[in-house]
J.: 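Before we start, here is the structure in question, set down as structure tokens.
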Amino acid sequence: GVEQVGLDDNFFELGGHSLLATRMVARIRELMKTDLSLAGVFETKSLAELAALASQAGDAEIDDAVLTEMGDWLDELEMS
């Protein structure tokens, strides 16, 4: 129900839950070729922190376009 997901938004405050977190981690692993842990989603406070963690977990370079795409993934996950 959020018009736009921001970098400082918290996944769980936006309505995220453990099932969506699991799906998101699988999607990030698949598309970004990183070894992001599910625990990492619970430990981060914002999308920006999650992106930094994903970047550290693999060779992915996180830029504004990737952050926007991650926000879009959250929207898609919630709808499906």
Side-chain angles (χ1 to χ4, degrees):
V2 176
E3 186 173 318
Q4 184 173 357
V5 176
L7 295 177
D8 296 322
D9 288 335
N10 180 286
F11 173 76
F12 296 102
E13 289 175 3
L14 292 172
H17 49 76
S18 59
L19 179 59
L20 283 177
T22 302
R23 292 176 63 196
M24 180 175 62
V25 166
R27 184 92 182 255
I28 290 171
R29 285 178 179 169
E30 174 188 336
L31 295 176
M32 298 176 68
K33 309 297 186 227
T34 67
D35 191 24
L36 180 65
S37 71
L38 182 58
V41 176
F42 288 91
E43 293 168 357
T44 57
K45 293 181 174 56
S46 67
L47 182 58
E49 285 183 23
L50 181 60
L53 186 64
S55 182
Q56 292 170 1
D59 294 330
E61 185 163 324
I62 307 298
D63 58 18
D64 289 340
V66 172
L67 290 173
T68 299
E69 188 174 356
M70 288 174 74
D72 292 343
W73 296 341
L74 293 175
D75 291 339
E76 289 174 25
L77 287 172
E78 192 164 297
M79 287 186 238
S80 56

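Any value given below was found using the heavy atoms of this structure, including those in side chains, with hydrogens, waters and symmetry copies removed.
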J.: Could you tell me which residues satisfy side chain to side chain contact (heavy atoms under 4.5 Å, CB included) with Ala26, sequence neighbours excluded, listed by chain and number?
T.: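 Testing Ala26 for side chain to side chain contact (heavy atoms under 4.5 Å, CB included), a comparison that skips the adjacent residues, returns none.
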
J.: To the closest 0.5 Å, what do you measure between CG (Leu50) and CG (Asn10)?
T.: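 If I round to the nearest 0.5 Å, the distance is 10.5 Å.
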
J.: Nearest 0.5 Å, please: how far is CG in Leu36 from CZ in Arg27?
T.: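 It comes to 14.0 Å.
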
J.: What distance do Gln56 atom CD and Asp35 atom CG have between them, rounded to the nearest 0.5 Å?
T.: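 Interatomic distance, Gln56 CD to Asp35 CG, rounded to 0.5 Å: 13.0 Å.
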
J.: Whether the side chain of Ser55 engages the backbone of Ala51 through a donor-acceptor N/O pair (distance < 3.5 Å, no angle test) should be reported.
T.: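 Side chain of Ser55 to backbone of Ala51: no pair is present.
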
J.: List in chain and number order the residues that pass side chain to side chain contact (heavy atoms under 4.5 Å, CB included) with Ser37, two or more places apart in sequence or in another chain; answer none if no residue qualifies.
T.: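 With neighbours one apart ignored, the set is Ala39.
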
J.: Might you point out which heavy atoms bring Gly6 and Leu47 nearest each other, and give the distance in Å?
T.: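 Scanning both residues, the minimum pair turns out to be O-CB, 4.0 Å.
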
J.: Shortest non-hydrogen contact from Ile28 to Thr34?
T.: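 Closest approach of Ile28 to Thr34: CG2-OG1, 3.6 Å.
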
J.: Of His17, Met24, Glu49, which is the lone residue that meets side-chain contact (heavy atoms from CB on, under 4.5 Å) with Phe11?
T.: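 Of all the options given, the one that passes is Met24.
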
J.: Test: ring-ring contact (aromatic ring centres under 6.0 Å, His included). Region: residues 25-56. Which pairs qualify, not counting sequence neighbours?
T.: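 Residue pairs with at least one partner in residues 25-56: Phe12-Phe42.
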
